[in-house]
Each structure stands twice: as C-alpha cells, then as structure tokens.
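Note that this is a predicted model, so its numbers are computed, not measured.
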Amino acid sequence: MSDQIKFIVDNLNKEPFRKNYNLITFDSLEPMQLLQVLSDVLAEIDPKQVVDIREEMPEQTAKRMLSLLGILKYKPPGNATDMSNFRQGLVIGSKPVIYPVLHWLLQRTNELKKRAYLARFLIKLEVPSEFLQDETVADTNKQYEDLMEAFKTLHKECEQLKTSGFSTAEIRRDISAMEEEKDQLIKRVERLKKRVETVQNHQRMLKIARQLRVEKEREEFLAQQKQEQKNQLFHAVQRLQRIQNQLKSMRHAAADAKPESLMKRLEEEIKFNSYMVTEKFPKELENKKKELHFLQKVVSEPAMGHSDLLELESKINEINTQISQLIEKKMMRNEPIEGKLSLYRQQASIISRKKEAKAEELQEAKEKLANLEREVSAKTNQTREFDGTEVLKGDEFKRYVSKLRSKSTVFKKKHQIIAEFKAEFGLLQRTEELLKQRHENIQHQLQTIEEKKGISGYSYTQEELERVSALKSEVDEVKGRTLDDMSEMVKKLNSLVSEKKSALAPVIKELRQLRQKCQELTQECDEKKSQYDSCAAGLESNRSKLEQEVRGLREECLQDESRYHYTNCMIKNLEVQLCRATDEMKAYVSSDQQEKRKAIRQYTKNIAEQENLGKKLREKQKAVRESHGPNMKQVKMWRDFEQLMECKKQCFLKQQSQTSIGQVIQEGGEDRLIL
C-alpha cells in the first residue's frame, strides 16, 4: 500500500498535474478533495470530465466516474457484492477504493487517453427496433454504422503510418539530401558543358545523343505496349475458353432438360432479375447517393473544434428528448387502428429484409459458383495441356490432398527450422569473428606500446592494483561513516531521553490526580446511565405501543375512506349504465326507424359489416397486386401466340393457293414444282 501511495504522489507531482503533495499531505486529504483529485486525473484522460465536484451532485459524480471507468475497462477486485461496495466507496470517497483506481489510471495514462478518444466515436447508440422500421431512421442508422467503420479503417491507417517509421525529420533529411544531390548534378552538368564546348562539332554530337535518347525511350514504350498487348491477348484467350466451356455446359443442360423445366428456370431467373432491377438496385443506388451527399457535405464543412462537438452533442440530446416525448404521447393516445397498422408494417419490413438478405445470398452464391466453375475449367485445361492425364475426383482427390497437406506442413516446419539455424549460425559466426579481431587488435596495440616503453605486462598488473585499492578505499569509507553516524545517533538519543524525562515529570504527577478523578466520575456516570436506560426503556415501550395503535387506526380510516369512494364510484357507474340501458331499450322497442338507427346495436352491426367489407376488399386488392404481373405476362404471351397462329394461317393459305397451281416435290434436299 505504501508503494502504491508513493507511486501516486510521484505521478501527481509531475506534469501535467503539479500537485506538490508528499505522503503525509496526500494521506490526510478529505474525501471530497480525494474525489476532486480523481476527477482531475479523469479530466486529463478525457477533457469532457473537467468538473468541479462541489458544484455537482454526489449521484451525478458517481455516475459520471463509473461510466468513464466502464469505458476504460477498469475491473474492480472481487465479485458482485464487492462491486456494490466499490460503488458506495466511490460515492463517499473511500481511500481503499480510490487509491487502486488512481494507481491503475496513472500507470497507463497514454493508453487510456487513446481509449477514451476512440470511445467518443466507437460507442454505438442503441436504437430500438420499432424505430428502425422507419426508412429514414434505418437509412440514418446505416450511414452512422458505415461512418463508424470508415473511422475504424482511417484510424488503423493513421496508426500504421505513425508506427511505420516515417517521420517528418527523416523526410526533411531526405529532401535536404536530394537537394544537395540536385546541386551536385547541376554543377556536374555545367562542368561537362564547359568540357564539351572545347570539342569540335559538339552541337551535332549533342543533337545525335538527344535523338538516341528519344529513340531509346520510344523503344521502351513500344516494348511496354507489346507486353500489354500480349497480356490482353492472353486474357482474351482465357475469356474465349471460359465462354466455350459455358456454351458446352449450356448445350449439355439444354439437351437433357425438358421444356417445362426450362420455362420454370427462366421464370425464376426473370423474377429474380426483375426484383434486383426494380427493387434492390434502386434502393442501393439511393442509399449510395445519400451517403455520397452526406460525405460531400461533411467534407465541405470547416474543421470542427471541441466546442462545436459539445454543441452538436447537446443538440442531439435535445432531439432525443423530443423524440422520446413524442413516442410517449403516441403511446398515451394508444389508437387501436394505428397499433394494427404498425404490426403489419413491422411484419412487412421483416419480410422485406429477409427477402433482401436471401437475394444477396443468392447473388453471392451465383458469383461464387461462377468463379469456382471458371477456376475448375482453367485448372482442368492446364492439367490436360501439361500432362494429358485426367483430374482426380472423389475419394482419390481427398486422399491426395491430405497427403499433400501433411507433407507441406512437415516441409514448412523443417524449412523454417533450417532457415532459423542458418541465420543464427551466420550471426554468431560473424559476431565471433568481429570480437576476435577487435580483441586481437587491442591486445596487439597494447603489447606494442608496452614493449616500446619497456614495461610489458604493466597494464594487467596496473588494472588489478587499481581495482583492489578502490575496493579497499570504499570499504574503509563505509566503516568510518557508519561508526560516526552511530556515535552521533547515540548521543542525540540520550539527550532526547533526558529532556523528555525532565519535561514529563510534572505532567505525570498531574496525570495521577486526574486518573483518580476520572475513576470517580466514571462510577457516577455508570450509575446515572443505568437509571437513564431503565427510564428510557419504559418510555420507549409505551411510545411504541401508542404508535402501533395510532398506525392501526389510521389504516382502518384509510381503508374505510377508500371503500367509501369505491362504492360511490361503482354506484355512479351503475347509474350511468342503467340510464344507457333504458335509452337503448326505448330506441330498440320504439316503432320509429330513426330511433332504431340511433341504437348502439345498429352501429355495432354496421361497423362489423364495414370491417368485413374492408377486409374482403383488401384481400381482393392484394390478390390483384400479386397476380397483376403474371397476368400481364400471360396476356402478352397469348397475344404473341395469336400472332403466331395468324402467321401460320397465312402460310397455310399461301400453301393451299400454290397447290392449286402445281405440286411441290422434295427430293435430295431440293424442292421441285410440277405443273
């Protein structure tokens, strides 16, 4: 605990806190002051937490700190009961609760700053499912999720750029180095120009060199074009092979299929394609346009500061409160027709979402199937071109793949181990050579110097002597220092003891007298206390009895009052119902048709009839909508069929007119007319 407090005090005394605490002053802080220190540390991590807790309610302070600690993923020690103790200790500013929190926060301040910054943009707002039934709310929520994903990718790219090693200082150094190289090249070109000017026909030679450079560049460009055309030719050949394979597969499928199955498949494909064209693709296009418009609007706006963000957050909170109020008003109205419509809307939206999801899955499955078929055809063609053998299928192929996988895993492991051994061996060998070479050079230099001076072996003996003397001097200093300190401490302690004895002698005498008085007073206090307790117990028992009697009488009075009011209300309700029943009987029994029409039974009967009629009409409308598209297609097909039959009729009539003139005979693939 002492190490923990010391760490906290050291970090609070540093930048940016600069509290100037020591262990005693920090330990003597009041709970409110300790909570303010914790709030300042949290404000350093998240600037939105800059609050003076004296101007804030304790519940709000605890809620704010607990929410931020939850975002920062702080885990208090213990189970659920300890969690409740932790909340209570945080409210009252308990030291055993706040010290571990401060220690945890100050240990990882930079990491927590980053986490708090990301939490401002990555904590998702939970929108109720009933609100997502609205298209505008759903589109806004989708845009919000897309922007969150875009922020994640941008943040990852930013972090990768920060850790990639590219710094502004290095870039500036590279730019300065490139400028120096540019200046050197300019100087070199000027020197070469001066040197060339002395040569005869230098202008003609420069012109020829320029033409040579242009022709080389043109040759490189033509080679690049040739390579691109080769690649295009290769892709075209592959596309041709793929189309030929598709044609073969379609012919094979058409040869084996029946007209009914082909028509059914074509109808399914037409339905799917019409759904994609008429419903799915327009929605996606509209969403993309909205997203593009929103992003353009965001890009066109100026950069926002912290105050602008706070203002936007306040506006969002106000709008959320207005939405909640409108929802409450709507729920208070509780219109049954609107409730039924909302139920149907929810069911329709769920079905449409399921339909869109299945369409996307079908589209992805088709694309995967087409890609796999292309890959299979390409691989089969490659294997036939290389080996001329057939491709393995079924269990043989599975066994072959399992063998290859096992062998490849073993090969990769062995190859990796060999590469590690080689790299480590080369590194160790090189370091050994360098160290040996350096040691030999140093020893050789030292020996040559000692031989020149005539004191060979002097360095070794000198080092040993210096080391031994240094050790001896250190030991002597430590011994002398400890003896002096001990003697001074003994003298100080003796003097302090004698001073304290002389100062405490009169105090001890007074203390003895006060102890005797204290014993007498405690005896009297105990006697008085026993008397007071007995009297208080009697009064307390009487008071409790009276309170129970009063409470029982009050409850009886309240029950009688509530019963009285309830009976009055029931009597009034029964009177109203009786009046309505008499009026209804009069209207129902009377011979006047207008009075009968005013009866409630007639209204209920009319309402039921109208509801049944509306239900039948809605079902009829639904059936007409569902069958409109197929019926129109069927009408078109009948018209085409009618045109086809008319054409056949005309052909038959022409043939009849020809037969009246002569006779047509077909022989050997030729038609002959005999008159």
Colleague: What's the spacing between Leu72 CG and Glu111 CD if we round to 0.5 Å?
Modeller: 9.5 Å

Colleague: Counting N and O atoms only, with roles assigned by atom type, does the side chain of Gln33 sit under 3.5 Å from a partner on the main chain of Glu30, one being a donor and the other an acceptor?
Modeller: yes

Colleague: Compare all side-chain heavy atoms of Thr321 with those of Asn317 and state whether any distance is below 4.5 angstrom.
Modeller: no

Colleague: Evaluate whether atom CD of Gln107 has more than 12 neighbouring non-hydrogen atoms of other residues, nucleotides or ligands under 6.0 angstrom away.
Modeller: yes

Colleague: Could you tell me whether Lys633 atom NZ has more than 12 heavy atoms of other residues or ligands within 6.0 Å of it?
Modeller: yes

Colleague: Can you tell me how far apart CD (Glu228) and CD (Gln224) are? Round to the nearest 0.5 Å.
Modeller: 5.0 Å

Colleague: Calculate, to the nearest 0.5 Å, the distance between atoms CD and CZ belonging to Gln232 and Arg239 respectively.
Modeller: 9.5 Å

Colleague: Will you find, in the side chains of Asn22 and Thr25, an N or O donor that is under 3.5 Å from an N or O acceptor?
Modeller: yes

Colleague: For Tyr564 and Asp560, test the side chains for any donor-to-acceptor distance below 3.5 angstrom and give the result as yes or no.
Modeller: no

Colleague: Checking Lys283 now: which residues fulfil side chain to side chain donor-acceptor pair (under 3.5 Å) with it, not counting sequence neighbours?
Modeller: Glu356

Colleague: Using side chain to side chain contact (heavy atoms under 4.5 Å, CB included), reason through Glu311 and Lys315 one step at a time and then give a plain yes or no.
Modeller: CA-CA 6 Å; Glu311 186 177 356; Lys315 288 182 181 178; 4.0 Å; yes

Colleague: How many angstroms lie between CD1 in Ile98 and CD1 in Ile8, if you round to the nearest 0.5 Å?
Modeller: 10.0 Å

Colleague: Any side-chain hydrogen bond (donor to acceptor under 3.5 Å, both in side chains) involving residues 140-158? Give me the pairs, sequence neighbours left out, ordered by first then second residue.
Modeller: Lys124-Glu145

Colleague: Flag the pair Tyr74 / Leu105 as yes when at least one side-chain heavy-atom distance between them is below 4.5 Å, and no otherwise.
Modeller: no

Colleague: What distance separates Gln559 CD from Tyr566 OH, expressed to the nearest 0.5 Å?
Modeller: 15.0 Å

Colleague: If you round to the nearest 0.5 Å, how far is OG1 of Thr109 from CD1 of Ile45?
Modeller: 5.5 Å

Colleague: Give the C-alpha distance, both sets of side-chain angles, the deciding distance and a yes or no for side chain to side chain contact (heavy atoms under 4.5 Å, CB included) between Arg554 and Arg551.
Modeller: CA-CA 5 Å; Arg554 283 180 179 173; Arg551 196 179 297 113; 5.8 Å; no

Colleague: Can you check whether Leu558's main-chain N or O pairs, donor with acceptor, with Ser562's side chain at less than 3.5 Å?
Modeller: yes

Colleague: Please test Glu547 against Arg543 for salt bridge (Lys or Arg N to Asp or Glu O under 4.0 Å), starting from the C-alpha separation and ending with a verdict.
Modeller: CA-CA 6 Å; Glu547 284 180 353; Arg543 187 175 67 82; 2.5 Å; yes

Colleague: Taking all heavy atoms of Ile71 and all of Arg115, pick out the closest pair and write down the distance.
Modeller: O-CD, 3.7 Å

Colleague: Are Leu295 and Leu147 close enough that some pair of their side-chain heavy atoms sits under 4.5 Å apart?
Modeller: yes

